[in-house]
Structures are given as structure tokens and as C-alpha cells.
There are 2 protein chains.
Amino acid sequence: MAILPNMKELMARPHRDLLAEQAKIFKALGHPSRLLMVDALRGGEKCVCDLQALTGADMSTVSRHLAVLREAGVVRSEKHGTNIYYTLALSCLDTFLQCTSTFIAARIREKAGLLGYGEQAS
Amino acid sequence: MAILPNMKELMARPHRDLLAEQAKIFKALGHPSRLLMVDALRGGEKCVCDLQALTGADMSTVSRHLAVLREAGVVRSEKHGTNIYYTLALSCLDTFLQCTSTFIAARIREKAGLLGYGEQAS
DNA sequence: TTCATATTTGGCAAAATAGCCATGCTCTAT
DNA sequence: ATAGAGCATGGCTATTTTGCCAAATATGAA
């Protein structure tokens, strides 16, 4: 007999669902190509062909990546003529991306400092 | 029409590295248990045993999850006596988590309970 | 020392993910 | 109707992730 019921039983259903949905968003953003595409979408809507040119990956691969982002609700798609345009649906990404950038930069500087490298800030 | 070189050649190295590090952070946050733990850490440092009680998962599983978060730089660990305490290292999470919560709540309301796969048939 | 507690790690099998090719679908133009 | 462009999807394999058990490690207590 288990000492404690596991997380699923411990948490109320709505909270668990919210958590799962949030995790889904993070997971969708957790791939370099997908993050690159999302970052590009901050500058406005793009068709799949644009995003393919950006990442250089196979069209089918790009399409699958976009499906992941779409199902997580990070992006939204809209068909115009023969093209499908993707837009950023998650508004609050800017701040967070900027923050993680700064965070990572600081970490690198810190690490470089510890190793005694004369990293010049550019 | 030359096939473009792939993403790796297209991007300058520092940009690519930053992207990879950012993706690593997102990926680390992209699991319900890990997100739950990180969320709990917003309230202050916790030992592994606390986080195990919280998630209800096996101790070894929790330890592995924490390793993922640690390697992404999301959390930091510190040993005090016989326990190891984990702290949130990524400061800017609050805002983003709140934002995604709101975002998801709105989406749920919008779709009237259709979670997950809800692609609207146009 | 020996023992117990707290945490990590090795190793394994099941599940999920990534990426490619080929194919299918849906427009638009001819 | 046919062709072709732009995307999505089926199907496959290789890789990664997850989660459990068992074993190793470290620390403090008796």
C-alpha cells in the first residue's frame, strides 16, 4: 500500500489541468526550432514557407513543429488563399524571453568569471 | 533554387547557443511534476523530501526531475546538514506563470470546456 | 563503529519525440 | 478537368525521456 496517494489524487482536478496545460506550453517552447519560429512570429504573422526558410528544416518537420505549438495554444493559424499564416497567440512571451536571455547571459558571464576567462562584453 | 543551409549554418553561433539555452529552460519547465515543484519553490526553498511529498512520485524520480531543472539553471541546490534544499534561481517566472494561467483560463472559457485538442472546425 | 535518514545514480523497459520520405489534401490558375 | 503550389499526415526508425527498483553515497546519531 502506498504511503501517499500520488500527485494526481492529491491535486484537485482543475489545478491539475491548469498545470498540464501550462506544462504543455513550456514543452512546446522547449525546442530550438520551435523557439526560433515563435521568436520570429513576434515580428508579425508568417506563412509556413517563411518559417521553413528560417529554420532550414524539412517542410514536414516544420509543419509538425507548428502543430505542437498550435495544440499548446502558443500560435494560431489562418488560411489566406493558398498559404497558411501563423500568428503568435501567447501575448506575454516578450517579457519572459527577454528575462531568460538576460538570465542566461549573466550565467555565462558568471561562469566565464569563475574560469578566469577574460570575456569581453559586446 | 538552392536549398538553404539549415538553421545551424544560418545562425550566428552566440544566437544559436542562447536559443538552445532558452529552449532548455522551457523544456525543463515542460513537465507537470517539474512545474509543480518550481511553483512550490516560489514560496521559498524546499528540501527534496518536501517536493517528493508534494508530487507523490518516487524519490528517485523527483531527484531526476530536479537534476533536469538544475542543469537548465532554473533551480539551485544547497546542502544543509543531511538535507538538500532547492531554491528558485530563475527570478522572472512569476509574471509569466500568471500570464499563462490567465491565458489558459481565457481559452477554456472561450472553448466552453473543450480542453486540449480543440481545433475549431471552421 | 554501526545504523538510519536523505539524496543521487545505474540500469532497465515503456513511452514519447524528432526527422525524414512519400503521399494526401486543398486551394488557385489554366 | 488538370496541374501545381503550399501544408498536413501516415509511416518508419533513431533518439530521448520517464519512471521504477536496486544500489551507491553522504551525513548525522547512537
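Below, chains carry the letters A, B, ... as their sequence lines are ordered, and counting in each starts from 1.
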Q: Can you tell me how far C1' of C:dT28 sits from CG of A:Asn83, to the nearest Å?
A: 11 Å
Q: Can you say whether the rings of A:His65 and A:His31 are parallel (under 30°), tilted (30 to 60°) or perpendicular (over 60°)?
A: tilted
Q: Report the nucleotide, chosen from C:dA6, C:dT17, C:dG19, that has the shortest atom-to-atom distance to any side-chain atom of A:Lys27.
A: C:dT17
Q: To the nearest Å, give me how far apart OH (B:Tyr85) and C1' (C:dT5) are.
A: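 These atoms are roughly 13 Å apart.
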Q: Has A:Gln22 got a side-chain atom pairing as donor or acceptor with B:Leu97's backbone, closer than 3.5 angstrom?
A: yes
Q: Using the six-membered ring wherever Trp is involved, compare the ring planes of A:His80 and A:Tyr85 and label them parallel, tilted or perpendicular (cut-offs 30° and 60°).
A: tilted
Q: In this structure, how many angstroms lie between the P atom of C:dT8 and the CG atom of B:Leu69, rounded?
A: 12 Å
Q: Grab the CZ-P distance between B:Arg70 and C:dT8 for me, whole Å please.
A: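 For the pair B:Arg70 CZ and C:dT8 P, the rounded distance is 6 Å.
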Q: 5'-most contact on DNA chain C: A:Thr61 or B:Thr61, nearest heavy atom basis?
A: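 Closest to the 5' end, via its nearest nucleotide, is B:Thr61.
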Q: Counting just side-chain N and O atoms, does A:Ser63 come under 4.0 Å of either OP1 or OP2 of D:dA8?
A: yes
Q: When you check the phosphate oxygens OP1 and OP2 of D:dG6, does a side-chain N or O of A:Tyr86 lie under 4.0 Å from one of them?
A: no
Q: Would the distance check show the side chain of B:Gln52 and the main-chain N or O of B:Ala57 forming a donor-acceptor pair, the cut-off being under 3.5 Å?
A: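 Checked: pair present.
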Q: May I have the distance from B:Ile84 (atom CD1) to C:dT5 (atom C1'), rounded to whole angstrom?
A: 12 Å
Q: Round to a whole Å and report the spacing from CZ of B:Arg64 to C1' of C:dT9.
A: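 Taking CZ of B:Arg64 and C1' of C:dT9, I get 6 Å after rounding.
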Q: For A:Asp50 and for B:Gly81, locate the closest nucleotide of DNA chain D by heavy-atom distance; then report the residue assigned to the nucleotide nearer the 5' terminus.
A: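 Its nucleotide being nearer the 5' end, the pick is A:Asp50.
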Q: Is the base of D:dC7 touched by the side chain of A:Ser60 through a donor-acceptor pair closer than 3.5 angstrom?
A: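 In this structure, the two groups form no donor-acceptor pair.
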Q: Compare the minimum distances between each of C:dA18, D:dC7, C:dT8 and the side chain of A:Cys47, then state the nucleotide with the smallest one.
A: D:dC7
Q: Is the backbone N or O of B:Ala89 less than 3.5 Å from a side-chain atom of B:Arg76, with the two atoms forming a donor-acceptor pair by type?
A: no
Q: Respond yes when some side-chain nitrogen or oxygen of A:His65 is under 4.0 Å from OP1 or OP2 of C:dG19, and no when none is.
A: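 Yes, A:His65 has a side-chain N/O under 4.0 Å of OP1/OP2 on C:dG19.
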Q: What is the distance, rounded to the nearest whole Å, between atom CG of A:Asp58 and atom C1' of C:dA22?
A: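 So the CG-C1' distance, A:Asp58 to C:dA22, works out to 11 Å.
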Q: Report the nucleotide, chosen from D:dG19, C:dT8, C:dA6, that has the shortest atom-to-atom distance to any side-chain atom of B:Thr82.
A: C:dA6
Q: What is the distance from CD of A:Gln52 to C1' of D:dA8, rounded to the nearest Å?
A: 13 Å
